[in-house]
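Beneath this line is the structure, given in C-alpha cells, with notes to follow.
Order of appearance sets the numbers: ligands from 1, and atoms from 1 within every ligand.
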Amino acid sequence: MRLLIIGAGFAGMYAALSAARLRDIKGASPDDLEIALVAPEPTLVVRPRLYEPKPETLTAPLLDVLEAIDVDYIQGSAETVNTEARTMQITTAKGTKKTLSYDRLVVATGSRLFRPNIPGLAEHGFSVDSLDDAIALDQHLHGLADRPAANGRDTVVVAGGGFTGIEAATGLPARLRDILGQSAKTRVIIVERNSAIAPGMGEGARPHIEDALRKLGVETRLGAGVASLDKSGVTLSTGEHIETETVVWAAGIRAAPLTAQIPAERDNFGRLLVDRDLRVPGVAGIFATGDAARAACDNDGNYALMSCQHATRMGAFAGNNAAAELLGAPTRPYHQKAYVTCLDLGEAGALFTRGWERTVEMVGDIAKKTKQEINTVWIYPPKAERAAALASADPERVTDL
Ligand SMILES: Cc1cc2nc3c(=O)[nH]c(=O)nc-3n(C[C@H](O)[C@H](O)[C@H](O)COP(=O)(O)OP(=O)(O)OC[C@H]3O[C@@H](n4cnc5c(N)ncnc54)[C@H](O)[C@@H]3O)c2cc1C
C-alpha cells in the first residue's frame with residue numbers, strides 16, 4: 001500500500017510525520033505501508049519569515065527527518081492526477097516524466113501569491129511570497145545603494161494592508177536604513193483598498209497597528225488600489241502617482257494550481273472543500289490539507305485560514321487519517337479551537353491576539369519575543385530523532401496554542 005503526500009510545506013511535513021507516527025503505533029512496517037513525499041526540493045521554506053532580511057537563510061532541510069521516520073522523498077513536481085486510475089504524473093528536475101500510483105493521496109501543495117492583470121505588475125512588482133521572490137526583493141533593495149538617491153529610490157510602496165503587507169512594511173524602515181545609510185530619507189507607504197488598515201484584524205487590534213505605523217513613519221493610502229506600475233513608480237486608483245523603484249505586491253493569495261486537477265468543489269481561493277476528516281468528498285482516496293483545503297475548524301462556523309498555524313495541524317490530521325484508512329484504524333475529525341495571531345511590527349514590536357474575535361493579549365516587546373520564538377523555533381521541523389519526531393506529530397497536540 002502506498003500513501004503519497006504532495007508538498008513539503010508545513011502541511012506536507014506534518015502529514016508525513018503523523019502518517020509515519022500512526023504506522024509506528026499500529027506496528028506496521030514501511031513494507032506494509034509505504035509513505036512518500038513528493039516535492040521539488042526536500043526543504044521547508046519558512047514562508048512566514050520571508051519578509052525578513054537574508055531570505056536565502058530561511059529554509060530548513062527535511063531529508064534527515066524524513067529518513068529518520070522511514071518516509072521516502074521523491075524529487076519532482078506533480079503535474080497531473082488521474083483520480084480514476086489513482087496515479088499521478090510528476091516531472092523531475094531533469095525534465096523526466098514519471099507516473100506514481102497511490103492508494104491514498106494527500107494534496108498539500110499550499111498556496112501562491114495572486115498577481116492580478118494590472119499593467120506593469122509582472123515587470124515591476126516584487127513580493128515576499130516564495131523564496132525566489134524574497135531573494136529577488138532583497139537583492140533589489142541592496143542594489144538601490146548603488147543608484148542615485150533620486151527618483152523615489154528611498155521609497156517603497158507595499159500594495160496590500162493585510163498581515164503580509166503590514167509585516168513587510170513595518171520591517172522596511174530599518175531594513176532600508178541598514179542598506180542606504182542611517183541618514184537616508186526613507187519612505188514606506190502601504191496602499192490598501194479597504195477604508196481601514198488590517199481589514200481582518202478588527203476594531204480592538206487595529207489601534208495598536210495604527211500606532212505602530214505612526215511610530216515608524218509608515219504612511220498609508222486607504223480606499224485606494226494600485227492602477228498601474230512603470231519604471232517611474234506606481235499610479236493609484238485615486239490618480240496619485242508615487243515615485244518609487246520598489247513596489248511590493250502583498251494583496252491576495254490562491255491555492256497552488258494542482259488543486260484544479262482534482263474533480264471536486266473549490267472555493268474562491270481555489271481551495272478544495274473537504275469534510276471533517278479532510279477527505280475530498282466524492283473523489284476516492286484523496287485528502288487535501290493546509291492552504292490547499294477549506295476545512296471547518298469547529299461547529300461554530302469558523303474555517304481554517306491560509307496560515308501556518310492551521311496548515312501544521314491540518315497536515316497532522318490529514319496524514320493521520322489517510323494512513324488510518326489504509327491501516328484499518330479510526331479516523332479523527334480535524335478540529336482547531338485555539339486561534340492566535342502574532343503580527344510583527346518591526347521596530348515597534350509585535351501584536352499578539354487570541355481567539356477569532358482577536359482579543360489583544362500582548363503588544364510591544366513582549367509580543368515581539370513571542371513572535372521571535374514562533375519564527376525561530378516553533379515552526380521549524382522537529383529534530384531528526386525518530387521517537388521525538390513521531391511524538392511531535394500527535395494530531396491532537398500539534399499547534400495546540
Ligand atoms: C510573508 C509571509 C508571512 C506569513 N506570515 C504568517 C504568519 O505570521 N502566521 C501564519 O500562520 N502564517 C503566515 N503565512 C502563511 C503561511 O506561510 C502559509 O499559510 C503556509 O506556508 C501554508 O502551508 P502549506 O504547507 O499549506 O503550504 P506551503 O508552505 O505553501 O507549501 C507548499 C509545498 O507544496 C509544494 N508544491 C506546490 N505545488 C506542487 C506540485 N505541483 N508538486 C509538488 N510539490 C508542490 C511547494 O513546493 C511547497 O513545498 C505567511 C506567508 C507569507 C508569504
Query raised in the report: Under the criterion side-chain hydrogen bond (donor to acceptor under 3.5 Å, both in side chains), which of Lys368, Lys215, Arg177 is the partner of Glu347?
Result: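 With Glu347 as partner, side-chain hydrogen bond (donor to acceptor under 3.5 Å, both in side chains) holds for just one option, Arg177.
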Query raised in the report: So which residues, sorted by chain and number, lie with a heavy atom under 4.0 Å of ligand 1?
Result: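 If the criterion is a heavy atom under 4.0 Å, then ligand 1 touches Ile6, Gly7, Ala8, Gly9, Phe10, Ala11, Val38, Ala39, Pro40, Arg47, Pro48, Gly76, Ser77, Ala78, Ala108, Thr109, Gly110, Ser111, Val128, Asp129, Thr164, Glu167, Gly290, Asp291, Met306, Ser307, Cys308, Gln309, Ala311, Lys371.
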Query raised in the report: Just one of Leu172, Ile189, Leu144 clears the side chain to side chain contact (heavy atoms under 4.5 Å, CB included) bar with Val156, so which one?
Result: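 Per the side chain to side chain contact (heavy atoms under 4.5 Å, CB included) rule, the option paired with Val156 is Leu172, out of Leu172, Ile189, Leu144.
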**Report entry** Heavy atoms of other groups near Arg193 CZ, more than 12 under 6.0 Å
**Finding:**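 No, CZ of Arg193 has 12 or fewer neighbouring heavy atoms, counting only those of other groups under 6.0 Å.
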Requested in this report: Go through the side-chain N and O atoms of Thr246 and His124 and say whether any donor and acceptor fall under 3.5 Å apart.
Outcome: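 No donor-acceptor contact under 3.5 Å links the two side chains.
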Query raised in the report: Roughly how far apart are Phe317 CZ and Thr289 OG1, rounded to 0.5 Å?
Result: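 Going from CZ on Phe317 over to OG1 on Thr289, the span is 10.0 Å.
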Requested in this report: Could you check if a side-chain atom of Tyr73 sits within less than 4.5 angstrom of a side-chain atom of Leu62, using non-hydrogen atoms only?
Outcome: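 When only atoms from C-beta onward are counted, Leu62 and Tyr73 do not touch, as no gap falls below 4.5 Å.
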